[in-house]
Amino acid sequence: MAEKVLMKGNEAIAEAAIIAGCRHYFGYPITPQTEIAAYMAKRMPKIGGTFLQAESEIAAINMVYGVSSTGKRVMTSSSSPGISLKSEGISYLAGCDLPALVVNCQRGGPGLGGIQPSQSDYFQATRGGGHGDYHMIVLAPASVQEMAELTIRGFELADEYRMTAMILADGTIGQMMEPVSFDFAIKEAPEKPWAVTGTKMERAHNIINSLYLVPDVLEQKNFERYEKYAKVAENVALAEEYLMDDAEIVIAAFGIAARVAKNAVNAARAEGIKAGLIRPITLWPFPEKAFKKALGTAKQFISVELSMGQMIEDVRLATECKVPVSLCNRAGGMIPSPEQVYEAIKAAAGKAGK
Amino acid sequence: MNYKRITLLCGHYGSGKTNVAVNMALDVRRTHDNVVVADLDIVNPYFRTLDSRDEFTHAGIKLIVSSYANSNLDMPALPQEMYSLVDDRRLTCIVDVGGDDRGAVALGRISGAIREENNYDMFLVINRFRPLTPDAPSVLEIMHEIEAAASLKFTGIINNSNLGAETEPETVLSSLDYAREVSRLTGLPIVLTSAEKSIAEALSGKVDNLFPLHLQKRPVD
């Protein structure tokens, strides 16, 4: 597909997954991510893949566990309440060091909440969600093009580090339509000598298991996993920096919030306010270096979020609270307007000027 | 364009039915009283005609939409007022039908009365740059599915080929052969080629039956 096509964010994820070699999709419908399943249902049978609508989200994530054990690229997708259901399975994936791609096209919560876009699963995505000491690699696309690119990156990172990669999108990016190019190089999936593919009586058999009843063995497993996480933190963290060379008022925003914030930063610049934007593309690992660097000029950070304020904690940790960090937000499915963010920048600039 | 009493807009989801419906309603209103826009989209609760409510109110156009649209309820409910489309023949109606065959099922509820009155057009909205309808045979497949679900036959094609904000006049020009091939395969005429206003102006004289669209600006653009 050299020519651009016009796609919904959800469709771009599905097509990119197919390009990445994913031939197994298991899911259960939920607004606002159902187009992923609908697209897979149409495409997978035509390319010899498997689309299966499971009886529940819990069943779907356990099917992911099964296919991942065989070394194949596999994914599932859902929206917030469905991800809560999948969280047990995600913890099991982590406990077995199995790679997988999980998409969360977030909606407002808690509980059943609503169907409009939200970013209130940030804690769940970056802090676990399921039980035990583990992390996922969390990628936050801000355009339909990035939905495609980060899906492919997600599969690559998942295989490289034997982790679950999560695409943390939201209802807006999932639903909005933008032109997409699929003209990018795909890395071959690495060898997976750990996979259960049949020994052919030529090797010892592989075991996929997360049960370790001997505590010092389990402790050692956790130590090793965290050494791996340290490498991921060093190698994978990524952010886009926009007008950050001299930024005094620094917006931190990811995904759709960053799109809105960029308009506000431009408006502030037009008024002579030195505003800039750091857009974390990986939420875990959090791109701390970009924030530490910003401390050279920053007088205040503003975290713009579609939640009651979750990423703001990582902004404070990364900046060690050396300058004030405030919140500009909407919740429950509402999106901040560029004007609301601009007013927050103006107020911060006024305070910083005194 | 000469509008029939009822104009039905159907097509693959994401083909641009809602944008065409909104602009068509405003166009009909210039020559007709008692204009009604009905949103029968039970598939997608995002981005709907309801987003244009203020514009419709200002233009004196009545909007019929599910009371759950744009709410936080994911309810595939049809508005009960949809029966007025066929019961009240003083109305001139533009009907935005949901995507694919699943969306067109809703239309099946009133298709008997529409056929009986026989004063309607049903247009197939197509976009060459949608990934699942890149060629005429794939359009034909979806067209047959929609006709089966709606129990109505199409009467024409609207070529709405576009690449969103990246649409150029060449984008539309490169879709003309595609639209002609769909027309040849289906035997349906291309009644309109729709494009954003500035693009349509640039195409003036090069494309027949141009229909300029005024598009809403989004806060994330």
Side-chain angles (χ1 to χ4, degrees), chain A residues 1 3-8 10-12 14-15 18 29-32 34-35 38-39 42-43 46 79 107-108 112-118 142-145 171-182 255-264 332-341, chain B residues 12-19 41-48 51 68-76 98-103 125-135 138 141-142 145 160-168 170-172 174-175 178 196 215-221:
Chain A
M1 254 190 255
E3 205 175 34
K4 282 191 176 181
V5 288
L6 186 66
M7 284 184 126
K8 289 195 174 206
N10 286 333
E11 296 170 331
E15 183 61 33
I18 290 168
I30 180 171
T31 305
T34 302
E35 291 84 2
Y39 195 90
K42 277 212 167 24
R43 288 277 277 123
K46 292 180 180 166
S79 180
R107 55 189 254 178
L112 276 175
I115 60 170
Q116 299 295 331
S118 167
S143 67
V144 175
Q145 183 67 41
T172 305
I173 308 179
Q175 294 290 327
M176 67 194 281
M177 295 178 74
E178 288 181 330
V180 196
S181 161
F182 287 94
I256 197 67
R259 297 267 297 246
V260 175
K262 207 175 235 183
N263 286 331
M334 301 301 292
I335 304 177
S337 66
E339 293 74 27
Q340 181 190 351
V341 181
Chain B
H12 179 40
Y13 78 86
S15 58
K17 295 176 297 294
T18 300
N19 274 328
D41 192 342
I42 54 167
V43 176
N44 189 349
Y46 279 70
F47 302 137
R48 1 189 2 151
D51 297 336
Y68 299 113
N70 278 22
S71 76
N72 263 353
L73 275 174
D74 194 0
M75 299 276 258
D100 292 351
D101 50 332
R102 286 163 302 155
V125 182
I126 59 173
N127 181 355
R128 183 191 150 209
F129 300 98
R130 290 286 291 146
L132 296 183
T133 55
D135 51 30
S138 56
E141 195 180 317
I142 282 178
E145 288 169 4
N160 187 48
S161 292
N162 74 90
L163 267 176
E166 290 181 24
T167 309
E168 303 281 345
E170 289 69 34
T171 315
V172 179
S174 76
S175 74
Y178 161 81
E196 190 277 327
L215 305 178
Q216 287 179 328
K217 191 168 162 54
R218 306 172 297 189
V220 293
D221 284 336

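Each chain gets a letter, A, B and so on, in the order its sequence line appears, and its residues count up from 1.
When atom types are taken as modelled, the side chain of B:R130 and the backbone of A:V5 share no donor-acceptor pair closer than 3.5 angstrom.
Note that the CD atom of A:E178 and the CG atom of B:L163 stand 11.5 Å from one another [nearest 0.5 Å]. One distance of note links CG of B:L132 with CE of A:M7; it measures 7.0 Å at 0.5 Å rounding. We find the OG-CE distance between B:S15 and A:M177 to be 8.0 Å, quoted to the nearest 0.5 Å.
Pairing each heavy atom of B:G164 with each of A:L6, the nearest pair is N-CD1, 3.6 Å.
Contacts of A:K42 with chain B are made by side-chain atoms alone, with heavy-atom separations under 4.5 Å and no backbone atom involved. With a 4.5 angstrom heavy-atom cutoff, B:N162 touches chain A via backbone and side-chain atoms both.
Side-chain contact between B:Y13 and A:E11 is present, with at least one heavy-atom pair separated by less than 4.5 Å.
Not counting sequence neighbours, the partners of B:R128 by the side-chain hydrogen bond (donor to acceptor under 3.5 Å, both in side chains) test are A:E3, B:S174.
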